[in-house]
Structures are given as C-alpha cells and as structure tokens.
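Just below is one structure, and these are the notes that go with it.
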Amino acid sequence: MLLAASALSGAKGNDSAEEISLQHPRGVHQTEVLPRDRCRATPPGHCSVGNGPGHELRGLDTVQGHGDHGMASGPMSSADSSSLSTLEELSDAFDSTLGRHDDSSSLGSDSELNGAAPYRQTDRYGFLGGNSAQDGLAQPPVELVRHREARWLEMTSHWEKTMARRYKKVKVLCRKGIPSSMRARCWPLLCGGQANMNCNQNKYKELEESPGDPQWLETIEKDIHRQFPFHEMFLSPEGHGQRGLLQLLKAYTVYRPHEGYCQAQGPVAAVLLMHMPAEQAFWCLVQISERYLPGYYSPEMEAVLLDGEVFVALLRRVCPKAYKHLQKHGVGPLLYVTEWFLCLYSRTLPFPTVLRIWDAFLSEGVKVLFRVGLVLVRLALGSSEKLRDCTGVVETLEKLRSIPVRLLQEDTLMAEVNDVAVSDRDVARECRVQLAKLRKVRPDFRYSPEQRLPNAKAIFDAQQLEDAQQSRKEKHAAPTFLIPEIVVDPPPQVPKEQRRLERERLKEQRRQEQERRKQEQERRKQEEAAEKQARKKKLPVKKKLDTRGKTFHVAQRPTLTREQGGREGEEPGPAKRNSAPYLETYF
C-alpha cells in the first residue's frame with residue numbers, strides 16, 4: 001500500500017508533524033503521523049519517476065504483494081517471488097524514498113505561493129516559479145512556428161481528406177511537435193474525441209449534471225489537489241481547474257460505472273484540461289481509455305500486467321545489458337513501467353517533453369510508450385559505468401529516477417525515441433507470445449490486446465465504419481408513422497383421424513400422378529418407335545454395286561469418216577455395233 005499525503009491547509013503550516021493518509025486504491029483510509037521534514041516540495045513543472053505520495057495509483061499495491069490481485073500468484077518473469085520478499089524487507093527504504101516527494105496539498109489558496117496573483121511568476125506552460133530564461137531555451141524560430149501553424153490549420157480544415165490520404169505526413173509532423181497554439185485543435189481530432197463529441201451532443205452535460213456514485217466522488221475529491229499543485233490552474237480548491245477536473249472525472253465514472261475511477265486518470269485528465277474545454281477533454285479521456293489503452297484503468301489492470309511482460313521482452317532485444325541487470329536483481333517491470341504507462345509519463349518527465357510524447361502517442365499509439373520506456377532504461381542502465389553503483393533493487397530504481405535532465409530535453413529524447421526499432425508489428429507479436437504464456441499460468445486472464453487500436457489512422461477508419469453503419473441503419477429504419485396491427489386468428493384444430501386421412505389421400509394422389517407420368521413416358525416411347533419403323537419402310541434401299549476386284553475398261557466414242565457413209569457437214573453419229581453400248585465395260 002502506497003502512502004498518499006493529505007496535508008492540512010494553512011492552519012497546520014507551522015506544526016512539526018503532518019497527518020498522512022494511507023489510502024487503499026479502493027477507498028480504505030488509515031492515518032499516520034509522520035515528521036514534516038519527510039514532506040518536501042517537488043520542483044515546479046517537473047516530477048521525477050516514482051512520485052510517491054503525490055501519485056498513488058489504483059492497483060499498485062499488487063506490486064508489493066498486498067492487494068487482492070497480488071502478483072505473487074501471477075507470472076512474473078522479471079520480478080519473481082524472491083523480489084517481492086526483498087521489497088518487503090526494504091519497505092522502510094522505500095518509505096524514506098517516497099517521503100521525499102510531497103504533493104503540496106497544503107496550498108489552500110492562490111496567494112499562498114509566490115505572493116498575490118499579480119506578482120506570481122509562471123513559465124510559458126503555467127507552472128509557478130518558472131524561469132524566463134528556460135522558456136526561450138531550444139525554442140524554434142518564430143518563422144518556423146508560424147509555418148507549422150499554417151500547415152496544421154490547412155490540414156485540420158480538411159481533416160477527413162487529410163487522414164484518408166496523408167496520414168504519413170501527419171505522423172511526420174507529430175514527431176516534429178504540434179505547435180502549442182494548435183494542440184487544443186489537433187489532439188481531439190487525432191484521438192477521435194472531436195468526432196465522438198459531435199455524435200453525442202449534450203451527453204457530457206447530462207453526465208455532469210448526474211449525481212454520481214458518492215464513493216467515487218469522495219475518492220476523487222481527495223485526489224484533486226494532488227494533480228499538478230504547482231500549476232496555476234490547480235492551485236485553489238475553488239478554482240475552475242480543480243472544479244472542472246472533479247466534474248470531468250465524476251462524469252467518466254457515470255459514463256463507465258463498471259470501471260469507475262482510477263487515480264492514474266487524474267494527471268491525464270489534468271493535462272487535457274490545460275489545453276481544451278472540459279467537454280473536449282472528457283471525450284479525449286474516453287478515447288485514450290477505450291481506444292489507445294483499453295484495460296489500463298479497469299479494476300484488474302490486466303493490460304498493464306501484459307504490457308509489462310511485453311516491455312521486458314522488447315528490452316531484452318533492444319538493450320540486453322540493462323535486461324540482464326534487472327533480471328539479476330529481480331527488478332520487475334511493474335516497479336517502474338506502471339507509473340510511466342498509466343500516467344503517460346506526465347508525472348515522470350519535464351513538461352515540454354511530456355507534450356512532445358503525447359503528440360507522438362496520439363498519432364502512433366501505444367508503441368510510443370514502449371519506445372520512450374526503452375530509451376529511459378537505456379539512458380539509466382545501458383552501460384557498465386552506469387551499472388557500477390547499482391547493487392540492488394533500491395539503487396536500480398533510484399538510478400531510473402535520477403536520469404540527468406539534459407538527457408530528457410524534448411528534442412534530445414524524441415530523437416532517440418524515434419530511432420528505436422520497435423514497430424506496431426513487433427508489439428503485436430510480443431503481445432501474442434506473452435498472452436499465451438500468461439494464460440497458461442493464469443487461466444482466468446480475460447484481457448485481449450485486439451481491443452487496442454494501433455494508431456490514429458486505425459481509430460479514424462473505425463469511426464468512419466461506425467458512421468457508415470449508423471447511417472445505413474437510419475436509412476433503412478422503420479417509418480415513424482403508426483401501422484395498424486393486423487391480428488390473424490389461427491386456423492381451427494383438425495382432429496387427428498382427419499389429418500391421417502388427409503395424409504393418405506395426398507399420398508394416393510402422388511402415387512397416381514407418378515403412374516400417369518410413367519404411362520405417358522411409355523406411350524411416347526412406343527410412338528417414337530413406330531415413327532422410326534414407318535420411315536424405314538418408305539425410303540427404298542439402294543444396293544451398292546460390288547466392285548471389289550473388278551477391272552473397268554472405257555471405250556472411246558468412234559468417229560465416222562466420209563468413206564463410212566458420213567455426209568458433209570454432218571456430225572458423226574454414234575458407232576453402231578451389234579448391241580454394244582456407247583460405254584462398254586469388260587469384266
């Protein structure tokens with residue numbers, strides 16, 4: 001069970017100890033008094049890996065083997081039961097590590113940090129205490145930003161045509177980074193939240209006005225102040241930021257009551273609210289939870305367990321040195337990957353880098369999360385020099401938390417992320433392999449990765465298909481006018497004996513019909529035979545001469561001369577020989 005700090009507001013600001021709430025993911029609360037020096041503020045705009053009390057996640061107690069769905073009974077190729085016992089022995093060390101991060105829940109009003117509102121210093125993202133020098137660090141030229149904005153405006157104005165024909169161009173531009181002024185317009189289009197909102201007019205208003213489950217409302221209200229406490233939107237409990245986040249998360253519990261509320265959804269919804277109105281942010285959260293990461297925020301969290309095993313398999317291929325070290329010390333993936341994936345790195349990396357990761361994630365899908373995680377592990381544990389001081393679980397996790405900030409800058413990190421050789425096909429293949437292994441050990445494992453869509457293009461195609469099917473149904477729908485109902489009385493019941501006689505009669509009719517057909521066929525055959533016989537009698541048969549072995553001699557026609565009695569000018573007649581014909585044949 002993780003610690004969840006719930007410090008009291010201004011009234012207990014000078015006390016030596018604060019009341020710390022031990023909250024179970026499903027709402028069981030306990031309290032413990034810890035020294036105040038164990039609750040220190042996180043730097044504004046940046047949260048390190050493993051934020052501890054400020055970032056309690058539903059289901060993370062299973063990592064340490066305390067929950068109902070504990071990992072001790074499931075397959076853990078990377079963190080077996082020995083690693084769990086090690087974690088139990090080192091619980092004090094983990095508590096001290098987690099205690100170094102405070103959720104700054106004592107901020108009760110806008111004026112409690114950096115003075116009154118007119119004198120407060122913020123960076124370009126709205127985080128308090130920002131340095132103006134850092135705002136201009138590694139920023140692209142204004143001309144380039146304006147050029148990118150013009151391109152995105154042109155593409156978003158014809159979004160259906162763009163996604164149908166130019167998705168590769170969209171992916172390339174997302175990798176370069178969406179301009180800050182265009183994220184409120186591009187993110188809902190990429191994830192399909194805008195299309196969902198257009199198809200469900202006034203749905204969010206109904207969900208917002210719904211009372212909701214009191215159990216979830218109580219849990220959400222206790223977590224609201226932990227989401228980006230150094231951002232100017234979420235300073236005041238009565239401000240529009242915290243109130244809007246409360247309504248958004250409550251609406252999701254009404255929209256999906258079987259899933260309810262997961263604490264990891266808080267920072268995701270908060271980042272969305274920083275960029276767009278509450279209704280758009282709600283539908284984007286729905287798309288992330290149902291299209292990109294289905295099963296991540298469910299009570300069982302089976303999708304996170306599967307993706308943890310997939311991550312280890314990919315790490316073995318991409319960075320074998322880090323893989324061997326993690327296997328050697330029994331550091332399972334759920335000890336570090338869970339927070340990365342559930343919160344989409346919003347509580348792990350510098351905020352400008354988080355936005356760039358989200359640009360790529362909403363375009364290319366879950367493979368971006370795997371790529372970023374592989375790069376982080378490689379930066380922390382990818383060489384022998386980096387592993388020299390990592391002698392155990394605590395040191396290894398601390399190494400993952402303390403990656404140099406210069407290596408986490410947006411351009412530097414994203415260049416390495418885009419170079420990682422992990423494709424959608426690789427992720428899908430490893431999902432099938434690891435799913436088969438998990439189901440052998442856990443037959444009740446119900447999650448199927450086919451529910452997850454790989455990228456924005458697949459989501460766009462799925463929505464287009466759903467719209468076409470819906471329009472087809474509406475086109476062939478029944479007419480709205482009322483058709484009078486026609487009632488037909490059933491035929492009267494026929495007695496059994498009468499039915500038997502009717503069957504026999506029909507049978508006799510069929511037999512007689514067959515007999516008649518046979519007789520007709522016989523008569524036709526006889527008539528055809530008689531006709532043949534008559535034709536043979538009428539036609540005389542010519543006998544052919546037998547000429548086999550005979551020799552024929554043809555005599556020429558004799559001509560009469562004048563001496564033989566021929567007259568002048570008279571054609572000679574046929575020769576007259578006793579009885580010989582003109583053509584004589586001798587045999």
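Count residues from 1 along the sequence.
Around atom NZ of Lys176, no more than 12 heavy atoms belonging to other residues, nucleotides or ligands sit under 6.0 Å away. Heavy atoms of other residues, nucleotides or ligands lying less than 6.0 angstrom from CD of Glu160 number 12 at most. Annotation: Arg175, atom CZ; neighbour count of heavy atoms from other residues, nucleotides and ligands within 6.0 Å is above 12.
Ion pair Asp411/Arg356 flagged as a salt bridge, since at least one NZ, NE, NH1 or NH2 atom sits closer than 4.0 Å to an Asp/Glu carboxylate oxygen. A salt bridge links Arg166 to Glu154: at least one charged side-chain nitrogen sits closer than 4.0 Å to a carboxylate oxygen. Ion pairing of Arg146 with Glu149 is present here, as a side-chain N (NZ or NE/NH1/NH2) and a carboxylate O approach within less than 4.0 Å.
Counting only heavy atoms from C-beta outward, the side chains of Leu190 and Ile178 approach each other to under 4.5 Å. Between Leu407 and Leu413 there is no side-chain heavy-atom pair separated by less than 4.5 Å. Side chains of Trp283 and Lys203 form a contact here, defined as non-hydrogen atoms less than 4.5 Å apart. A heavy-atom distance below 4.5 Å is not found between the side chains of Thr412 and Leu408. Between Val368 and Tyr345 the shortest side-chain heavy-atom distance does not fall below 4.5 Å. Put simply, the side chain of Leu305 reaches to within 4.5 Å of the side chain of Arg442, judged on heavy atoms. Inter-residue side-chain proximity for Leu248 and Tyr204 is flagged as met; some heavy-atom pair is nearer than 4.5 Å. Looking at heavy atoms from C-beta onward, Phe460 lies out of side-chain contact with Leu453 at the 4.5 angstrom threshold.
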task: Apply the test side chain to side chain contact (heavy atoms under 4.5 Å, CB included) to residues Leu235 and Leu128: give CA-CA distance (whole Å), side-chain angles for both, the deciding distance (0.1 Å), then the verdict.
output: CA-CA 10 Å; Leu235 280 177; Leu128 302 179; 3.3 Å; yes
message: Let's go through Trp216 and Tyr252 carefully: what are the C-alpha distance in whole Å and the side-chain angles of both, what is the deciding distance for ring pair (Phe, Tyr, Trp, His ring centres under 6.0 Å) to 0.1 Å, and is it a yes or a no?
response: CA-CA 10 Å; Trp216 294 127; Tyr252 187 84; over 10 Å; no
field: Derivation and outcome, ring pair (Phe, Tyr, Trp, His ring centres under 6.0 Å), residues Phe282 and Tyr255
entry: CA-CA 10 Å; Phe282 169 78; Tyr255 185 71; 5.6 Å; yes
- prompt: Checking side chain to side chain contact (heavy atoms under 4.5 Å, CB included) for the pair Ile224/Leu249: CA distance, chi angles, key distance, verdict?
  reply: CA-CA 10 Å; Ile224 288 297; Leu249 295 174; 4.2 Å; yes
task: For Asp359 and Arg183, run side chain to side chain contact (heavy atoms under 4.5 Å, CB included): C-alpha distance rounded to whole Å, both residues' side-chain angles, the deciding distance at 0.1 Å, then the answer.
output: CA-CA 8 Å; Asp359 293 342; Arg183 285 194 174 102; 2.9 Å; yes
- request: Any chance you could lay out the side chain to side chain contact (heavy atoms under 4.5 Å, CB included) test for Val375 and Arg378, step after step, and finish with the verdict?
  value: CA-CA 5 Å; Val375 170; Arg378 188 169 62 189; 4.1 Å; yes
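Relative orientation of the Phe370 and Phe341 rings is perpendicular, given thresholds of 30° and 60° on the angle between their planes. Relative orientation of the Tyr292 and Phe361 rings is tilted, given thresholds of 30° and 60° on the angle between their planes. Taking the six-membered ring where the residue is Trp, His231 and Phe234 present tilted rings, their angle falling between 30° and 60°. Using the six-membered ring where Trp is involved, Tyr336 and Phe311 have ring planes that are perpendicular, over 60° apart on the 30 and 60° scheme.
Taking all atoms of both residues into account, the shortest heavy-atom contact from Met155 to Val170 is SD-CG2, 4.1 Å. Minimum interatomic distance between Val254 and Gly212 (heavy atoms only, all atoms of both residues): CG2-CA, 3.8 Å. Residues Gln227 and Ala270 approach most closely at CB-CB, 4.2 Å, considering heavy atoms. Scanning both residues, Leu273 and Gly241, for their nearest heavy atoms gives CD1-O, 4.2 Å. Across every non-hydrogen atom of Glu208 and Ala251, the tightest pair is N-CB, 4.5 Å. Between Tyr447 and Arg439 the shortest heavy-atom distance is O-NH2, 3.1 Å.
Remark: the backbone N or O of Ser423 is paired with a side-chain donor or acceptor of Asp426 at under 3.5 angstrom. Side-chain atoms of Asp307 do not come within 3.5 Å of backbone N or O of Val310 as any donor-acceptor pair. Not one N or O on the side chain of Lys321 forms a donor-acceptor pair closer than 3.5 Å with the backbone of Leu381. A donor-acceptor contact shorter than 3.5 Å is absent between the side chain of Thr348 and the backbone of Trp340. Side-chain N or O atoms of Thr156 include one that pairs as donor or acceptor with a backbone N or O of Leu153 at under 3.5 Å. The main-chain N or O of Arg452 is never found under 3.5 Å from a side-chain atom of Arg291 such that the two would form a donor-acceptor pair. Looking at Glu302, its side chain does come within 3.5 Å of a backbone N or O of Arg446 through a donor-acceptor pair. For the pair Gln265 (side chain) and Cys262 (backbone), a donor-acceptor distance under 3.5 Å is present. No donor-acceptor pair closer than 3.5 Å links the side chain of Trp187 to the backbone N or O of Leu272. Formation of a donor-acceptor pair under 3.5 Å by the Thr253 side chain with backbone atoms of Lys250 is found in this model.
Rounded to the nearest 0.5 angstrom, Phe228 CZ and Met274 CE are separated by 4.5 Å. Rounding to the nearest 0.5 Å gives a distance of 5.5 Å between CG of Leu376 and CG of Leu349. The structure places CD of Glu364 at 14.5 Å from NZ of Lys457, a figure rounded to the nearest 0.5 Å. Between atom NZ of residue Lys205 and atom OG of residue Ser210 there is a gap of 14.5 Å, rounded to the nearest 0.5 Å. Here CG of Leu189 is found 8.5 Å from CD of Gln280. Values are rounded to the nearest 0.5 Å. For the atom pair Lys367 NZ and Leu369 CG, the distance stands at 12.0 Å (nearest 0.5 Å).
A distance of 6.0 Å or more separates the ring centres of Tyr297 and Tyr261.
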